[in-house]
Amino acid sequence: MARPADPSAKLRAFALKMPGAHEDFPWGERVAKVGGKVFVFLGKPGGKGALSLAMKLPVSNGDALDLPFTAPTGYGLGKSGWVTAAFKPDEEPPVEILTAWIEESYRAVAPKKLVAELDERAAPRTRKPAARTPAGNRKTRQ
């Protein structure tokens, strides 16, 4: 089954919407970074067909590695909680799961201030009106 849309473009766009995120190309591979640190490896730019990405998953690492399309990331990164998800050209990747993992990886790598900004974007605080004391309850000086 062919993929109807380019999931790698969706995943890249999702990663780059994170506060402070930017794209870089170390080692000839597309990555998203925050605060100078990689939070997701997005594969070679312009790559056609297969999709592979790697994320740091300190919370869902065990569950992620139970899935048939994942493996510990190479170069010793797997020991630090990095997981690689790889898909053949005819496979449709679970974009919802992958975006959740990208966010988890971002949260693991990003400075706390930027994680707080992400939380703020997700659930903006509503301003509470100033507390008012009912007129009948005011204390008067005598």
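Here the structure is a predicted model, which is why all the values come from computation and not from measurement.
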- Query: Roughly how far, to the nearest 0.5 Å, is CG of Asn61 from OG of Ser80?
  - Reply: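 Reported value, rounded in 0.5 Å steps: 10.0 Å.
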
What is the minimum heavy-atom distance between [X] and [Y], and which atoms define it?
X      : Y      : result
Leu114 : Gly20  : CD1-CA, 4.2 Å
Ala50  : Pro89  : N-CG, 3.6 Å
Leu16  : Ala32  : CD2-CB, 4.2 Å
Leu65  : Ala71  : CD2-C, 3.5 Å
Pro72  : Gly78  : CB-CA, 4.0 Å
Pro58  : Glu104 : N-OE2, 3.3 Å

- Message: Grouping I, L, V, M, F, W and Y whenever their side-chain heavy atoms are under 4.5 Å apart, do Leu67 and Ile102 come out in a common cluster?
- Response: yes

- Item | Hphob cluster co-occupancy, Val31 + Val34, side-chain heavy atoms under 4.5 angstrom | no

- Can any side-chain N or O of Ser52 pair as donor or acceptor with the backbone N or O of Gly43 at less than 3.5 Å? no

- Message: When you measure from the side chain of Thr73 to the backbone of Val83, do you find a donor-acceptor pair of N or O atoms at a distance under 3.5 Å?
- Response: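 Looks like yes, one N/O pair under 3.5 Å.
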
Taking the side chain as every heavy atom from C-beta outward, state whether [X] and [Y] have any pair of such atoms under 4.5 Å apart.
X      : Y      : result
Leu98  : Phe87  : yes
Pro93  : Phe69  : no
Leu42  : Ser8   : no
Arg107 : Asp119 : yes
Thr99  : Leu11  : yes
Glu103 : Leu118 : yes
Leu77  : Thr84  : no
Val109 : Val38  : no

- Item | Among Glu29, Arg30, Met55, side-chain contact (heavy atoms from CB on, under 4.5 Å) partner for Phe41 | Glu29

- Parallel, tilted or perpendicular: ring planes of Phe39 versus Tyr106, cut at 30 and 60 degrees: perpendicular

- Message: I'd like to know if Glu117 and Arg121 make a salt bridge, using a cut-off of under 4.0 Å between side-chain N and carboxylate O.
- Response: yes

- Looking at Arg12 and Glu23, does any basic side-chain N land under 4.0 Å from a carboxylate oxygen?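 Yes, Arg12 and Glu23 are salt-bridged.
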
- Item | Aromatic ring proximity Trp82/Tyr75, centre distance under 6.0 Å |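 Not close enough - the centres of the two rings lie 6.0 Å or further apart.
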
